[in-house]
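Hydrogens, waters and symmetry mates play no part in the numbers below; they use all other heavy atoms, side chains included. Residue numbers start from 1 in every chain, and the chains themselves are labelled A, B, ... in the order their sequence lines are given, proteins ahead of strands.
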Amino acid sequence: MSINKLLGSKKLTSYFWKTYREDPQNIETESHRLLHRTGFISQLSTGIFSFLPMGWRSIEKIKNIIREEMNSSGLIEINLPVIQPSDLWKTSERLDTFIPPLSKFQDRRDNQLIIAPTHEEAVTDMVAKNVNSYRDLPFTLYQIQTKYREDPRPRAGLLRVREFEMNDAYSFDVDEEGLDLSYKNMIKIYKNIFMRCSTEVIIVDADSGAIGGKESNEFVMLADSGEDVILISKDKLYAANVEKAIFKKEKFEKENTINLQYLDTPNKKTIDELKDFLSIDNKKMLKTVIYKADDEIVGCVIRSDYNFNETKIRNYLNATNLNLASDKVIISKDLVPGFISPINIENIRFLYDDSVLLGPGNFIVGGNTKDKHYKGFNLDQDSISYEILDIAEAEEGHISINESILESFRGIEVGHIFKLGDVYSKKMGANFSNKEGKNQNILMGCYGIGVGRLLAACIEANQKNNSMNLPLSISPFSIYLVALQIKDEKVKNLAEKIYKELTDLGFDLLFDDRDIQTGVKFNDSDLLSLPVRRVISKRNIQNDSIEVFERDTDSTISLTYDETITYFKTNLIP
RNA sequence: CGGGGUGUGGCGCAGCGGUAGCGCACUCGCUUUGGGAGCGAGGGGUCACAGGUUCAAAUCCUGUCACCCCGACCA
């Protein structure tokens, strides 16, 4: 049975739906505004929403697309618990390190339980208990399940919430080649899903964050209201989340090295102040910042024409939290805020961005003394051992690795996929006997789509003039049937007849059979903006015609009854 | 977690020392009827909560909570 038939047609007089004339206060994004105005959602708490019938229909249609695409590609649906014992998360070593922190509570026997923010642990446990041999592999499981994440700041309606439905999938393979195949298969499935939702997404390199694993890609819909910053090279060969993006750093000819010397820099604490005071270019200076990475104090140094990428730093240090160290902490390490340098500092670990070795050298760095800076710092000469890596943030205008200019965009992350490898299977004993009879860890991948966020993103992308304009595939109903002068017998009978006939054909109609103002009906119809609107009225009946408005072509045509039925049989697929 | 803002009928707001009002929505009646109608009559609020000041508190003070925005953080 098609989803349209399953959800069925509805008459407004016996449906639960209400639109709003006014916006709630402090609405930030169009999708949030429209989701509220059209009676899709109702807020229960910060980042926690109820779906009203109208909104839930769209969600059901999205989930149906996901199921169809996944089932037809050989994936298998399961269901995992939302409430899980916290011991399970001890095994994966994420009980205290997951960001945002897990939501915990005690049951009656004083066992600690958590509300799952994601399901790697549960699925790995299940698979570990039920897979023994390489013959049992490979397979990919999926579910559509509620997640709860104690997000520090939910916002923008459904774009960023605490409780949400996610379609999460997990692949299990015997080797890297298998994992590659599963990963690529999932990319194909995701592309199909987003295409069917008429959402244009791009695939970008991404950081794997709290989920872990090596390779990771995000599916991003470009939109100004998005929270993620994406860098795309002009030649389109490179696209990455700013958290992950790499770029080709500028090299400068090395100067003849000079000895370290002090400079008087009274009260010049920032790079900008120094730049003006000394009339020199940013590339001639180094920036030193002290971070607190969990409990460790770490210094980071970069050439001043670049900025730090804190994700790269956090990943390298394998830290859960990374924050700028307070002045108090800096002073306790005998450093002078505003004049920090790594020179002769033994009690702190320093990380250097590799730009520090790319010239021009003889850098100006802090003097570790108030109102002093050093001139003539060269890492390779003035330090014996150092950790050097890429901790720079890519920005618009930088050059991609294939020599193309990077451009910056904002986007909404609607899907994220990860190659987990054996991160979880190793810790949780998910292994199998290989052909030689030896134990081997299962290689995993995990894949997620935020269902509600996808709906919101789709609205962001399609909305205009106070209308949602959801595509036919996920529009709550396919057709808005309006009967004007519903009290008129002829109108009523014709409308009912069409309602029944089109419903029998498999279409899902919203029949506005309310005895209210015409203007209200049209406004509700515009707001909801279903793909097709049909008007039955006295006037039309007199002309022996039925009015059909097609949103996509923005055209209205008048047809006879028989033409109408033919039109729907041939132009639309229920 | 830091900074800021807002809590008054279902929604949007006014009132800012004398015990609550407007618009929309809702109910009833009449009129109207192809773009959020008109007239009339109604119903609905311990003014977020808790203390305090005062003869008197929605209004002033203190605390708490909730929600929103910016930042931090973040699948």
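Contacts of A/E150 with the nucleic acid, taken as non-hydrogen atoms under 4.0 Å apart, are absent. Nucleic acid contact class of A/F164 (heavy atoms, under 4.0 Å, all strands): base. A/D23 comes within 4.0 angstrom of sugar-phosphate atoms only, judged by non-hydrogen atoms across all strands, and of no base. Within the nucleic acid shown, A/Q43 comes within 4.0 Å of sugar-phosphate atoms alone, with no base atom in reach, counting heavy atoms only. Using a 4.0 Å heavy-atom distance criterion, A/D151 is classed as making no nucleic acid contact.
When rounded to the nearest whole Å, the span between CG of A/D488 and P of B/rU33 equals 14 Å. Between A/K292 atom NZ and B/rC73 atom P the separation is 14 Å, expressed in whole Å. The CZ-C1' distance, from A/F49 to B/rC68, rounds to 12 Å in whole Å. In this structure, the CZ atom of A/R314 is 13 Å from the C1' atom of B/rA75, given to the nearest Å. In this structure, A/L420 atom CG and B/rA75 atom P are separated by 14 Å, rounded to whole Å. Put simply, CG on A/D512 is 15 Å from P on B/rG36, counting in whole angstrom units. Going from atom CG of A/N167 over to atom P of B/rA75 covers 19 Å, rounded to whole Å. Distance A/R514 CZ to B/rG36 C1': 11 Å, rounded to the nearest Å.
Nucleotides B/rG5 and B/rU62, compared at atom P, are 14 Å apart to the nearest Å. The gap from the P atom of B/rU59 to that of B/rG7 amounts to 12 Å, rounded to the nearest Å. Atom name C1', nucleotides B/rU46 and B/rG12: the rounded distance is 23 Å, in whole Å. On the P atoms, B/rA41 is 25 Å away from B/rG36, given to the nearest whole Å. Comparing B/rC47 with B/rU8, their C1' atoms sit 4 Å apart, to the nearest whole Å. Nucleotides B/rC22 and B/rA14, compared at atom C1', are 7 Å apart to the nearest Å. As rounded to the nearest Å, B/rC24 and B/rC68 have C1' atoms that lie 23 Å from one another. If you take atom C1' in B/rG18 and the same atom in B/rC60, they sit 15 Å apart, rounded to whole Å.
The side chain of A/V520 lies closest to B/rG36 when the candidates are B/rG36, B/rA75, B/rG34. Checked against B/rA72, B/rG35, B/rG34, the side chain of A/R155 finds its nearest nucleotide in B/rA72. Looking at the side chain of A/Q517, the nearest of the listed nucleotides B/rG35, B/rA75, B/rA37 is B/rA37. With B/rA75, B/rG36, B/rG34 as the choices, the nucleotide that has an atom nearest any side-chain atom of A/S537 turns out to be B/rG34.
Considering only side-chain N and O atoms, A/S45 lies under 4.0 angstrom from the phosphate OP1 or OP2 of B/rC67. Contact annotation: A/T46 reaches the phosphate of B/rC68 (side-chain N/O to OP1 or OP2, under 4.0 Å). Within the 4.0 Å cut-off from OP1 or OP2 of B/rG34, at least one side-chain nitrogen or oxygen of A/Q485 is found.
Residues A/Y142 and A/N167 have side chains that never bring a donor and an acceptor to within less than 3.5 angstrom of each other. A donor-acceptor pair shorter than 3.5 Å can be found between the side chains of A/Q143 and A/D168. Using a 3.5 Å distance cut-off with no hydrogens or angles, the side chains of A/E215 and A/Y183 do not pair a donor with an acceptor. Inspection of the A/R94 and A/Y424 side chains reveals an N or O donor paired with an N or O acceptor under 3.5 Å. Between the side chains of A/R162 and A/S45, at least one donor N or O sits under 3.5 Å from an acceptor N or O.
Comparing A/P154 and A/R533, the nucleotide of RNA chain B nearest to each residue sits closer to the 5' end for A/R533. Across the interface with RNA chain B, nearest-nucleotide mapping of A/E218 and A/T19 shows A/T19 to be the residue nearer the 5′ end.
Taking 3.5 Å as the limit, the base of B/rG35 and the side chain of A/T518 contain no donor-acceptor pair of atoms between them.
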Assign a letter to each nucleotide of nucleotides 22-28 of chain B from its 5' end: B, base within under 4.0 Å of a protein heavy atom; S, sugar-phosphate only; -, no contact.
-> -BSS---
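A/S529 pairs with exactly one of A/M468, A/K464, A/Q463 by the side-chain contact (heavy atoms from CB on, under 4.5 Å) rule, that one being A/M468.
More than 12 heavy atoms of other shown residues, nucleotides or ligands fall within 6.0 angstrom of atom NZ in A/K63.
Using a 4.5 Å heavy-atom cutoff, the side chains of A/V161 and A/D151 are not in contact.
Using modelled atom types, no side-chain atom of A/K521 and backbone atom of A/D515 make a donor-acceptor pair closer than 3.5 Å.
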